[in-house]
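Notes follow the structure.
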Amino acid sequence: MKPKYTSLRGVRDILPEEVKSWRRIEDKARELFRRYNYKEIETPIIEPAEMFVRTVGEESDIVRKEMYVFKDRGDRLVALRPEGTAPVVRAFLENNLYVPGKVAKFYYIGDMFRYDRPQAGRQREFHQIGIEALGESSYILDVEVIILLLEFFKELGLNDTILLLNSVGCPKCRSEYSKALREFFTPYLDELCEDCKVRLENNPLRILDCKVEGCKRVVVKAPSILDYLCNDCRVHFENVRSVLDSLDVRYILDTRLVRGLDYYTKTTFEVTVSGLDLSIGGGGRYDGLIKDLGGPDLPGIGFAIGMERLVNILRDRGLLIEEEDVPDYFIIYDVILVTKAIMLSKLLRDQGFIVEISYTAKNLKSQLKEADRSKAKKSIIMREDLLANDKVILKDMTTGEQEEIGLDKLEVSIIGERV
RNA sequence: GUGAAUGUAGCUCAAUUGGUUAGAGCGCUGGACUGUGGAUCCAGAUGUUGGGGGUUCGAGUCCCCUCAUUCACCCCA
């Protein structure tokens with residue numbers, strides 16, 4: 001039979017078995033973030049479209065071709081959130097959570113939407129775990145945020161993570177750098193791909209990310225952003241690096257690591273694992289974003305982890321814990337005992353056991369088959385003659401052994417009990 | 001948005017150069033087993049071959065369109 005409806009392209013169901021693994025990962029994140037004193041926040045999935053255009057960048061791919069935008073019935077231009085930072089900052093401002101002199105630390109777990117062509121590690125609805133720390137400009141926070149990200153992966157058992165690090169400077173030094181890049185690339189115009197010729201005008205930093213061979217050859221010789229950082233940005237980045245070095249946190253300095261979201265400033269980073277060319281987490285500073293959203297001129301930093309990608313890696317490495325709950329008891333009974341059977345199921349459930357009960361109450365054979373299929377550890381067989389003495393048959397479904405026991409052994413009695 | 005591969009039973013996959021009634025394993029249902037599940041054996045059910053159109057005496061197979069999946073580019077988590 002064919003279903004009448006199927007899920008839309010690029011989205012999928014996360015089935016019970018997998019959800020269980022996801023929750024385990026999320027619980028790990030919650031527990032870790034708690035120790036770093038981050039507070040969980042939930043923001044709406046829909047936001048004003050304009051907010052992302054302003055923060056992520058009008059020229060960014062996310063806004064240009066990946067954002068789900070529609071008009072609601074009140075004629076408002078609405079977007080499904082393509083990322084988590086702007087909404088958190090919006091909520092921070094809207095709810096007056098800013099306390100001068102105090103850093104505000106949030107984390108979120110939720111789904112994001114980008115209208116991409118689906119492929120490995122990329123869906124239209126995907127899930128992120130992220131943190132945002134608002135109101136602190138110190139390099140010490142940068143270091144802590146990076147350590148936290150790495151620590152999360154480590155706690156999940158990933159021990160071959162690779163940290164990529166860069167500084168994209170502030171708007172001031174970046175415009176200097178853009179100018180320098182234009183000057184550098186212009187003589188090589190013929191060797192650049194068509195896209196990059198356009199990028200040369202709009203956003204020369206994007207050329208650094210180009211995967212076309214011809215461009216890559218030129219890019220190797222391109223000047224580094226690091227040589228164009230202003231004094232403030234340079235010192236900041238040196239401090240970040242020196243503390244990471246002394247903490248023995250290894251990283252690859254990737255000066256071509258250009259974040260596709262315009263709001264990034266200064267420190268940016270991505271984390272991947274060997275043999276994967278996708279990042280499983282990434283982030284950076286965004287010192288101008290809060291002001292852009294109409295708030296005070298406060299710095300911010302955060303990261304996001306791609307849940308689907310993380311789960312894929314963990315599964316590949318055999319690090320994904322996939323185990324489903326099975327019933328502790330399956331209750332089998334003659335149909336005349338239905339009330340007592342329901343009572344017993346409730347009493348056992350009250351004690352915290354996972355209990356399944358036959359809904360057919362057919363013959364013993366078919367009920368045992370039900371029990372077997374439910375994967376219950378034990379079956380309780382209720383028979384009228386035994387129940388008169390508050391006894392049942394307890395059958396171990398693994399060994400097949402069974403014995404008559406008093407219900408008191410299960411720490412329940414259904415004589416005189418009411419549901 | 002660009003390029004490529006794939007789509008057959010609930011699942012994993014067969015089906016000669018286009019050829020009769022599209023098969024197998026797993027799973028499912030029933031029986032062997034008249035109140036004890038699993039193991040074994042036996043029997044049985046299940047498909048508009050993703051959808052639509054075309055070529056042909058004849059299409060799962062060839063052609064076109066469409067939808068979906070997968071992979072790569074692009075971009076990112």
Side-chain angles (χ1 to χ4, degrees), chain A residues 1-3 5-12 56-57 59-67 81-85 108-130 149 153 164 193-196 198-199 203 206 209-213 215 257-261 264 268-272 276-284 302-313 330 332-335 358 361-385 393-402:
Chain A
M1 196 181 71
K2 239 176 237 85
Y5 300 107
T6 56
S7 60
L8 291 170
R9 177 153 216 216
V11 304
R12 67 189 194 99
V56 175
E59 288 300 312
S60 67
D61 281 17
I62 291 177
V63 167
R64 283 212 338 266
K65 48 188 194 188
E66 294 173 6
M67 201 155 68
R81 60 182 181 197
E83 59 99 37
T85 300
Y108 60 86
I109 297 175
D111 46 355
M112 309 293 161
F113 300 83
R114 292 183 201 172
Y115 196 86
D116 272 350
R117 279 281 285 271
Q119 67 184 63
R122 199 175 74 187
Q123 288 93 253
R124 288 181 177 178
E125 182 191 25
F126 60 102
H127 296 73
Q128 288 189 334
I129 298 177
L149 178 60
F153 293 131
L164 305 174
C193 69
E194 289 308 310
D195 283 343
C196 283
V198 179
R199 288 177 180 135
N203 192 350
R206 286 279 165 76
D209 260 350
C210 189
K211 303 287 193 298
V212 177
E213 274 309 314
C215 301
L257 186 74
V258 176
R259 311 288 317 178
L261 292 85
Y264 281 114
T268 59
F269 50 90
E270 282 189 14
V271 173
T272 185
L276 183 81
D277 44 2
L278 293 168
S279 69
I280 52 177
F303 64 67
I305 294 156
M307 194 62 182
E308 282 82 357
R309 290 177 182 185
L310 177 59
V311 168
N312 285 344
I313 284 293
F330 189 99
I332 292 170
Y333 53 97
D334 279 325
V335 70
S358 172
K362 285 199 294 193
N363 60 42
L364 180 59
K365 186 187 177 77
S366 59
Q367 288 192 60
L368 267 166
K369 209 161 191 166
E370 277 183 76
D372 187 50
R373 261 186 279 215
S374 79
K375 296 181 182 154
K377 295 170 192 158
K378 289 175 178 174
S379 287
I380 294 173
I381 302 168
M382 300 175 78
R383 234 167 53 193
E384 200 170 15
D385 57 327
I393 297 168
L394 184 67
K395 184 179 176 78
D396 185 305
M397 297 303 284
T398 316
T399 65
E401 284 165 21
Q402 63 181 55

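All figures in this text were calculated on a predicted structure; none of them were measured in a lab. Numbered from 1 within each chain, the chains take letters A, B, ... in sequence-line order.
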- Task: Could you walk me through whether A:H127 and A:E308 pass side-chain contact (heavy atoms from CB on, under 4.5 Å), step by step?
- Result: CA-CA 7 Å; A:H127 296 73; A:E308 282 82 357; 2.7 Å; yes
For the [atom1] atoms, the ones on [N] and on [M], what distance do you get once it is rounded to whole angstrom?
{"N": "B:A14", "M": "B:A24", "atom1": "P", "value": "16 Å"}
{"N": "B:G10", "M": "B:C28", "atom1": "C1'", "value": "9 Å"}
{"N": "B:U6", "M": "B:G60", "atom1": "C1'", "value": "14 Å"}
{"N": "B:A59", "M": "B:G50", "atom1": "P", "value": "15 Å"}
{"N": "B:G38", "M": "B:U34", "atom1": "P", "value": "13 Å"}

Using every non-hydrogen atom in the two residues, find where [X] and [Y] come nearest and quote the distance to one decimal.
{"X": "A:T85", "Y": "A:Y108", "result": "N-OH, 4.4 Å"}
{"X": "A:M112", "Y": "A:P82", "result": "CB-O, 3.9 Å"}
{"X": "A:S379", "Y": "A:M397", "result": "OG-SD, 3.2 Å"}

- Query: If only side-chain N and O atoms of A:R9 are considered, is one of them under 4.0 Å from the OP1 or OP2 phosphate oxygen of B:U69?
  - Reply: yes
- Message: Counting only side-chain nitrogens and oxygens, does A:Q119 get under 4.0 Å of the OP1 or OP2 atom of B:A72?
- Response: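 For B:A72, OP1/OP2 do have a side-chain N/O of A:Q119 under 4.0 Å.
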- Message: What stems show up for RNA chain B when you take Watson-Crick pairs (N1-N3 plus N6-O4 or O6-N4) and G-U wobbles (N1-O2, O6-N3), both under 3.5 Å, and require three or more consecutive pairs?
- Response: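 Output for stems: B:1-7 with B:67-73, B:10-13 with B:23-26, B:28-32 with B:40-44, B:50-54 with B:62-66.
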Taking the side chain from [X] and the backbone from [Y], do they hold a donor-acceptor pair closer than 3.5 Å?
{"X": "A:K395", "Y": "A:G400", "value": "yes"}
{"X": "A:Q123", "Y": "A:V11", "value": "no"}
{"X": "A:S279", "Y": "A:T272", "value": "no"}

Round to a whole Å and report the spacing from [atom1] of [X] to [atom2] of [N].
{"X": "A:M67", "N": "B:C76", "atom1": "CE", "atom2": "C1'", "result": "15 Å"}
{"X": "A:D116", "N": "B:U69", "atom1": "CG", "atom2": "P", "result": "14 Å"}
{"X": "A:I280", "N": "B:C75", "atom1": "CD1", "atom2": "P", "result": "21 Å"}
{"X": "A:H127", "N": "B:C76", "atom1": "NE2", "atom2": "C1'", "result": "17 Å"}
{"X": "A:F126", "N": "B:C75", "atom1": "CZ", "atom2": "C1'", "result": "11 Å"}
{"X": "A:R117", "N": "B:C75", "atom1": "CZ", "atom2": "C1'", "result": "14 Å"}
{"X": "A:D61", "N": "B:G1", "atom1": "CG", "atom2": "P", "result": "14 Å"}
{"X": "A:R114", "N": "B:C74", "atom1": "CZ", "atom2": "P", "result": "17 Å"}

Please work out if [X] contacts a base, only the sugar-phosphate, or nothing of the nucleic acid, heavy-atom cut-off 4.0 Å.
{"X": "A:G121", "value": "base"}
{"X": "A:G10", "value": "sugar-phosphate"}
{"X": "A:A371", "value": "nothing"}

- Before giving the answer on salt bridge (Lys or Arg N to Asp or Glu O under 4.0 Å), spell out for A:D61 and A:R64 the whole-Å C-alpha distance, their side-chain angles and the decisive distance to 0.1 Å. CA-CA 5 Å; A:D61 281 17; A:R64 283 212 338 266; 3.6 Å; yes
- Starting at the 5' end of RNA chain B, which residue's closest nucleotide do you reach first, A:G306 or A:R122? A:R122
- Given RNA chain B, 5'-ward residue of the pair A:I305 and A:Y115, judged by closest heavy atom: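 Comparing both residues, the 5'-ward one is A:Y115.
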- Item | Per A:L278 side chain, nearest of listed nucleotides B:C75, B:A77, B:A68 | B:C75
- Does A:D111 pair with A:R81 as a salt bridge, N-O distance under 4.0 Å?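 Salt bridge between A:D111 and A:R81, a charged N being under 4.0 Å from a carboxylate O: yes.
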- Message: Could you check whether A:D116 pairs with A:R114 (Lys NZ or Arg NE/NH1/NH2 to Asp/Glu carboxylate O, under 4.0 Å)?
- Response: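 Here A:D116 does not pair with A:R114 in a salt bridge, since their nearest N and O are not under 4.0 Å apart.
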- With B for base contact, S for sugar-phosphate-only contact and - for none (protein heavy atoms under 4.0 Å), nucleotides 33-39 of chain B reads B-BBBB-
